[in-house]
Protein chains: 2
Amino acid sequence: MPPKVKTSAEKQAVRTAIMDAARELFIHQGVEAVTMRAVAQQVGYSATSLYLYFSDKDQLLRAVVDADVIKLAQSLKSTLSISDPLQRFLQFGQHYVQFALTNPNHYRMMFMTQHLPCDPAFSSIEQNNHEQDAYSQLIDVVTSAWHAGVFKPTLTDPVLIAQTVWAAMHGLCALQINLADDAWINWRPLEARMQAMVSMCMHGLMKETTHE
Amino acid sequence: MPPKVKTSAEKQAVRTAIMDAARELFIHQGVEAVTMRAVAQQVGYSATSLYLYFSDKDQLLRAVVDADVIKLAQSLKSTLSISDPLQRFLQFGQHYVQFALTNPNHYRMMFMTQHLPCDPAFSSIEQNNHEQDAYSQLIDVVTSAWHAGVFKPTLTDPVLIAQTVWAAMHGLCALQINLADDAWINWRPLEARMQAMVSMCMHGLMKETTHE
DNA sequence: ATCGTTAACTTAACATTGTTATTTTTAAAT
DNA sequence: ATTTAAAAATAACAATGTTAAGTTAACGAT
């Protein structure tokens, strides 16, 4: 029974309701295991109605991921107010890893599964908006630390530094998320690996005087 | 028309034929996009016949991945004969990254997709066999470099060092494979990122005297 | 008030997938 | 020659993403 004519606000509400249901299921069961029918049931619609709001499952996933990237940015935002550039950088990294490891399925969705590349022209995320764009936060955090002179003088490109640190931290998180339960590997405790990675990055990137 | 009674060698041949066909398709189309029917057609069987050789698609994938891990180990083996422990370590790492980036779909299958954890008890790979087990190669390469005294004296656990370096290199490869085409990120050239990562690892882990 | 019109939704239906049940073929054993 | 069972194919099922075809009811125009 369709109680007709929805304001665009109401339509938006349905959209986000669908996204919330989808995210909930994605997170607990993994993207592939979740069916459109299951999402629909969760949100109280028939399966085909989802297609009135999202053109297909990929687009639904893309929308959820975009929203989560914004959430990540929101979560990281708290560290941006730290005044000391070095401390800000360190806390930013720690928050990132913490987010990844406490929300492994979020993280997997965002950075570890192939999906349509994120096109800034059509994304719901505003690029370079610090409220939404975690990557631009990273670039800024590293750049300001760089201006503060914490990095080795041979390192002249803050963006390259940022991408390197990101890769290192991503590797830590990704292996943990995907292979932590693999009996093949005699994993050292996660805490030890995190500490070792941070230590390697600091010694590898910063001036001697900066650490310890 | 079944030309009956196969020796176990013949059965093994069919098994590997199926695996080869599956790998070929997995690599070019991604694991999810490949159907059992497509694999079967490629190998000249009916779809259901695959189930005489593999209990399901997951097991087929697992078998392909195991075989590829062995191939990775074979590929890395060439570096093990380098006599200088430091050079061996560096070449080993470079080969690993090169393998990952020239075989992105192999790599994705092996380390970037969730699948049944690899149980050493039932794996076709012989753990600690240097011909087959790339992880044990890594541990040995790092351990011998450690014994040669190339690492900072504060680093006392070669396994932890190995897992940290692996994570760093994995992060580099994984981001490249999954997000290289993402217009959101203004990626620095791959070469620059590789060089920056290696440099960070070296400065972060090795004695000052060791590099340059 | 009534009558289309159409937005919002549902039910049917389809093609494709992984997988199982059933049946066919045929080489060997008796 | 007849039986047996391995090796394969065909038929068939349930589940999935998705499209096509209805169905319902709120609104605008008369």
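So that the names make sense, note that chain A is the first sequence line, chain B the second, and so on, each numbered from 1. FYI, side chains are in, hydrogens and waters are out, and symmetry mates aren't considered; it's all heavy atoms of this structure.
The side-chain contact (heavy atoms from CB on, under 4.5 Å) test applied to A:I70 returns A:Q74, A:I125, A:Q132, not counting sequence neighbours. Contacts of A:T113 classified as side-chain contact (heavy atoms from CB on, under 4.5 Å), with partners at least two apart in sequence or in another chain: A:R108, A:H115. For B:K77, the salt bridge (Lys or Arg N to Asp or Glu O under 4.0 Å) partners at least two apart in sequence or on another chain are B:E131. Residues passing the side-chain hydrogen bond (donor to acceptor under 3.5 Å, both in side chains) test with B:T79: none are found, sequence neighbours excluded. For B:N128, the side-chain hydrogen bond (donor to acceptor under 3.5 Å, both in side chains) test picks out no residue, with sequence neighbours left out. For A:D20, the side-chain hydrogen bond (donor to acceptor under 3.5 Å, both in side chains) test picks out A:R23, with sequence neighbours left out.
Within residues 11-35 of chain A, the residues that have a heavy atom under 4.0 Å from DNA chain D are, in order of number, A:V34, A:T35. Residues from residues 41-57 of chain A with heavy atoms under 4.0 angstrom of DNA chain D, sorted by number: A:T48, A:Y51, A:D56, A:K57.
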Pairs of donor and acceptor atoms involving the side chains of residues 155-168 of chain A, under 3.5 Å and at least two apart or interchain, shall be tabulated with distances.
from, atom 1, to, atom 2, distance (Å)
A:D157, OD1, A:V159, N, 3.0
A:D157, OD1, A:L160, N, 3.4
A:D157, OD1, B:R188, NH2, 3.4
A:D157, OD2, B:R188, NE, 2.6
A:Q163, OE1, B:R188, N, 2.9
A:Q163, NE2, A:Y135, OH, 3.0
A:Q163, NE2, B:N186, O, 3.0
A:T164, OG1, A:L160, O, 2.8
A:W166, NE1, A:Y96, OH, 2.8

Taking distance alone, no hydrogens or angles, what donor-acceptor pairs closer than 3.5 Å link side-chain atoms of residues 85-94 of chain A to residues at least two apart or in another chain?
from, atom 1, to, atom 2, distance (Å)
A:R88, NE, A:I82, O, 2.8
A:R88, NH1, A:S144, OG, 2.9
A:R88, NH2, A:S83, O, 3.1

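Side-chain contact check for B:D182 and B:W187: no donor-acceptor pair (N or O, by modelled atom type) lies under 3.5 Å.
For residues 14-42 of chain B, the set of pairs meeting the ring-ring contact (aromatic ring centres under 6.0 Å, His included) definition, not counting sequence neighbours, is empty.
Remark on the helix from C:dA1-D:dT30 to C:dT30-D:dA1: inter-end axis angle 30°, axes from five-pair C1' superpositions, rounded to 10°.
Rounded to whole Å, the distance from CZ on B:R37 to C1' on C:dT19 is 9 Å. Whole-Å rounding puts the A:L61 CG to D:dG17 P distance at 12 Å. In this structure, A:E10 places its CD atom 13 Å from C1' of D:dA26, rounding to the nearest Å.
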